[in-house]
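A short worksheet on the structure shown next.
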Amino acid sequence: MSPLIGVLALQGDVREHAEALAAAGADVLEVRRASELDRVDGLVIPGGESTTMSRLLGVFDLYDPLVARLRDGMPAYGSCAGMIMLASNILDTRADARHLDALDVTVRRNAFGRQVESFETDLEFTGITDLPDAAPMRAVFIRAPWVESVGDGVEILATVPSGPATGRVVAVRQGNVLATSFHPEVTGDHRVHGYFVDLVGTA
Ligand code: GLN
């Protein structure tokens, strides 16, 4: 049976994630209320604007239920703003922005700076591009964060291979929680979503 995977649908590129998850074999539910959150086996937090998403989690009474499900071990995948939401520590955000504290990393918002605010690169992704005959992954960064430091138990899955940000960490996993700085939902390459569907299936 396919897992039922939610996409947090308060703000951001919800539809692209829903389509990528469906293409990767999941059943998909857009999540705007706690009763919907209760039903899903895992949750994607999309790209968008993390401070806005933080505010809307409060408006929709979803913050506490979401923190509770994450503490309980619900698998989650955050891309870009979603990575920021999942992190335990955020640099360069608003003082009143709340986050979910589900991933033991320090993330810097808008880290790549003006000149490379948005860019694309091919990168290696542990567990995906190291499979036999696998191609590198096209990664699209849009005012993206990077992971500045990781705690024990956090696995680094991808780094920037070249250019001014060489070596910066842009994909991580800790147990059931996965995060990427970039947006696999916009490239038509569904391998990251497939990785998450598998993770949810075995959780
Ligand atoms: N810069 C945005 C933020 O801080 C994230 C950008 C994105 O999700 N594409 O939330």
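Numbers here are sequence positions counted from 1. Every number for a ligand or one of its atoms is a count from 1 in the order of the listing.
Residue Ile84 is not grouped with residue Val160 when hydrophobic side chains (ILVMFWY) are merged at heavy-atom distances under 4.5 angstrom, including chains of intermediate members. Clustering ILVMFWY residues whenever any of their side-chain heavy atoms sit less than 4.5 angstrom apart, transitively, puts Leu199 in the very cluster that holds Leu21.
Distances between N or O atoms of Ala81 and those of ligand 1 include at least one value under 3.5 Å. Ligand 1 has no nitrogen or oxygen under 3.5 angstrom from a nitrogen or oxygen of Ser79. Between Ile84 and ligand 1, no N or O atom pair is found at a separation short of 3.5 Å.
Protein heavy atom at the shortest distance from atom 1 (N) of ligand 1 is Asn110 OD1, 2.7 Å. Regarding atom 7 (C) of ligand 1, its nearest protein heavy-atom neighbour is Cys80 SG, 2.8 Å.
Which parts of ligand 1 touch Gly47 is read off a 4.0 Å heavy-atom cut-off, strictly below it: atoms 8 (O). Heavy-atom contacts of Gly48 reach the following atoms of ligand 1: 2 (C), 5 (C), 6 (C), 7 (C), 8 (O), 10 (O) (cutoff under 4.0 Å). Below 4.0 Å from some heavy atom of Arg109 lie the following atoms of ligand 1, by number and element: 3 (C), 4 (O). The distance from ligand 1 to the heavy atoms of Ser50 drops below 4.0 Å at these ligand atoms: 3 (C), 4 (O), 10 (O).
If you look at His183 next to ligand 1, the close heavy atoms, those under 4.0 Å, all belong to the side chain. Counting heavy atoms under 4.0 Å from ligand 1, residue Glu49 touches it through both backbone and side chain.
Taking CG of Leu37 as the start and CE of Met74 as the end, the distance is 5.0 Å to the nearest 0.5 Å. How far CZ of Arg138 is from OG1 of Thr121: 6.5 Å, rounded to the nearest 0.5 Å.
Using bins of under 30°, 30° to 60° and over 60° for the plane-to-plane angle, the ring pair Phe119/Phe141 lands in the parallel bin.
A donor-acceptor contact closer than 3.5 angstrom links the side chains of Glu124 and Thr129.
Among all heavy-atom pairs drawn from His99 and Tyr63, the shortest one is O-OH, 2.8 Å.
Annotation: cation-pi pair Arg168/Trp146 present, NZ/CZ under 6.0 Å from the ring centroid and within 45° of its normal.
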